[in-house]
Protein chains: 2
Amino acid sequence: MKILVVEDDQQVARQIESSLKNAGYVVEVVHDGEEGLYLGNHESFDAVILDLGLPKIDGIKVLQQWRNENRHMPVLILTARDTWREKVVGLRAGADDYLSKPFEIEEVLARVEALIRRASGHSKPVLTCGPVEFDTTTNRVALNGTTIELTALELGMLSYLMHHQGEVISKTELTEHIYDQDFDRDSNVIEVLVNRLRNKLGASLIKTHRGLGYQLVEPDDR
Amino acid sequence: MKILVVEDDQQVARQIESSLKNAGYVVEVVHDGEEGLYLGNHESFDAVILDLGLPKIDGIKVLQQWRNENRHMPVLILTARDTWREKVVGLRAGADDYLSKPFEIEEVLARVEALIRRASGHSKPVLTCGPVEFDTTTNRVALNGTTIELTALELGMLSYLMHHQGEVISKTELTEHIYDQDFDRDSNVIEVLVNRLRNKLGASLIKTHRGLGYQLVEPDDR
DNA sequence: TAGAAAATTTAAGGTTAATTTAAGGTTCGT
DNA sequence: ACGAACCTTAAATTAACCTTAAATTTTCTA
């Protein structure tokens, strides 16, 4: 998760930066509107914290330009003044949330996380197939609710099958996805992997189509 | 609830002290900046009332130093003059609210309570995982209650893991967070760091998932 | 500012779990 | 029934990780 902070006040900027980093974000800090505008247009961020009173280009202008360029990352606006007028202008320009100084650093964190959560809410992170669940964000795999430990390769294979549920996937396709293109023709790695997955997640999860490939199916529970 | 009052005017100090005590707070009063700075750094308060015109060290300096040491307790500033300039300086230094003399003692109480409410509402200051605690505001780490000294990198790594408890974090993710983007692919820095953390905080705290990453787990005590 | 101390990085050898290989058995389609 | 494709198991191999210590860099202190 990468966050852009546009804030000219060095102290506030540092405060926010360290707090965000501690919370586990990758943080990029710039100190004026020009740099902010450029970075926001040329790199991709999961959220932006934007001060309004900035040197060179005003925060509102920066925000408007981003939105004109169809950049839709969530933006939290910071401002020194807490006037009705400012708030309206900010939200009109496309801000997602608004915070006026002085603020608790923890509150900034809370709001940013809320924004990111809200923004990423569109994707469905956890795939499911019968009794097995696969969380694409954390790579956690569960069978009937209890987590199952998988190795890197097992995980890679399950991930691919999960993303192509119901399709019949050839062994070549699996090898090419799990490894990087190169593969031996005479090796039973895939069979061994399938076997281990079946042992861990239930024999009927992966159906084999002789000569064609494998298919992830909802097992008939019994 | 413990409140620190830093105020050189004996009469004002006594007034505030008795008012706060009546309201049910534990109050500590000191009369110059030096004592204030020390106490604020070595004890934990739920809020601070800080006069700006102080002997030995100016109030702003005291506040700045606290913030530099990552002490984030809410601070209400008192000042004799009500100038725009002073207010800005105070807020820039990290104050949370501002009150100019003369003031009603009732108002001081009201503002302090507002600050405490606001601060406690949004902060989740101390993360815990089994026997280890991590205070996000002071960066203090404790194992079974006793403070453990960690280096900057150790702290960075622990902080990241603490904020993502239970998740499996890849080595790349750790490097990208601890360092700023750039990293060598052939270096065992992460392994060495994990090793040192395990030595200091217990071997079973960090679980390794071969080929995937590391995971912070509650150690099974034994 | 030099010297000392601490922190960080590098390096090397040992350990272990994951992956691959291999070998023999099983199933399925024709 | 026969061969090919697949399954299963276990041993062999490999790569990831651990541990330690020395080398280097940074920070502290006199």
Problem set entry | Most 5' of Leu193(B) and Thr151(A) on DNA chain C, judged by nearest nucleotide |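 Result of the comparison: Leu193(B).
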Exercise. Want to settle it: does Val189(A) or Leu153(B) sit nearer the 5' end of DNA chain C, counting the closest nucleotide to each?
Worked result: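 So the residue in question is Leu153(B).
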Exercise. Is there a donor-acceptor pair under 3.5 Å between the side chain of Arg140(B) and the backbone N or O of Thr147(B)?
Worked result: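 Not a single qualifying donor-acceptor pair exists.
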For this session: Taking His31(A) for its side chain and Glu7(A) for its backbone only, find out whether a donor-acceptor pair lies under 3.5 Å.
Result: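 Flag set: sc His31(A) to bb Glu7(A) pair under 3.5 Å.
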Can you check the [X] [atom1] to [N] [atom2] distance for me, whole Å?
{"X": "Ile178(A)", "N": "dT19(C)", "atom1": "CD1", "atom2": "P", "value": "10 Å"}
{"X": "Leu174(A)", "N": "dT20(C)", "atom1": "CG", "atom2": "P", "value": "13 Å"}
{"X": "Glu149(B)", "N": "dC28(D)", "atom1": "CD", "atom2": "P", "value": "13 Å"}
{"X": "Leu197(B)", "N": "dT8(C)", "atom1": "CG", "atom2": "C1'", "value": "14 Å"}
{"X": "Leu155(A)", "N": "dA18(C)", "atom1": "CG", "atom2": "P", "value": "12 Å"}
{"X": "Met157(B)", "N": "dA7(C)", "atom1": "CE", "atom2": "P", "value": "17 Å"}

Exercise. Going by an N to O cut-off under 4.0 Å, is there a salt bridge joining Lys171(B) and Glu191(B)?
Worked result: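 A salt bridge is present here (some side-chain N lies under 4.0 Å from a carboxylate O).
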Exercise. Between atom CD1 of Ile77(B) and atom CD1 of Ile49(B), what is the distance when rounded to the nearest 0.5 Å?
Worked result: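 The CD1 atom of Ile77(B) sits 12.0 Å away from the CD1 atom of Ile49(B).
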For this session: For Glu34(A), enumerate each residue passing the side-chain hydrogen bond (donor to acceptor under 3.5 Å, both in side chains) test, keeping only those at least two apart in sequence or located in another chain.
Result: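 If we apply the side-chain hydrogen bond (donor to acceptor under 3.5 Å, both in side chains) test to Glu34(A), skipping adjacent residues, there are no hits.
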Show every donor-acceptor pair shorter than 3.5 Å between a side-chain atom in residues 50-61 of chain B and any protein atom, with sequence neighbours excluded, or say none if there are none.
residue, atom, partner, partner atom, Å
Asp51(B), OD2, Lys101(B), NZ, 3.4
Asp58(B), OD2, Ile60(B), N, 3.0

Problem set entry | side-chain N/O Ser187(A) vs dT20(C) OP1/OP2, d < 4.0 Å |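 So the side-chain polar atoms of Ser187(A) never come under 4.0 Å of the phosphate oxygens OP1 or OP2 of dT20(C).
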Give the table of side-chain donor-acceptor pairs shorter than 3.5 Å for residues 208-216 of chain A, with sequence neighbours excluded, one pair per line with atom names and distance.
residue, atom, partner, partner atom, Å
His209(A), NE2, Gln215(A), OE1, 2.7
Gln215(A), NE2, Gly166(A), O, 2.6

Exercise. Would you call the rings of His163(B) and Phe134(B) parallel, tilted or perpendicular, where under 30° means parallel and over 60° means perpendicular?
Worked result: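 It falls in the perpendicular class, over 60°.
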Exercise. At how many degrees, to 10°, do the end axes of the helix from dT1(C)-dA30(D) to dT30(C)-dA1(D) meet when each uses five pairs?
Worked result: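 About 40° separates the two local helix axes.
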Problem set entry | Base-contact (B) and sugar-phosphate-only (S) positions in nucleotides 6-11 of chain D, heavy-atom cut-off under 4.0 Å, - elsewhere | SSBB--
Could you tabulate the donor-acceptor pairs under 3.5 Å formed by side-chain atoms of residues 36-45 of chain B, not counting sequence neighbours?
residue, atom, partner, partner atom, Å
Asn41(B), OD1, Arg71(B), NE, 3.4
His42(B), ND1, Tyr38(B), O, 2.9
Glu43(B), OE1, Lys2(B), NZ, 3.0

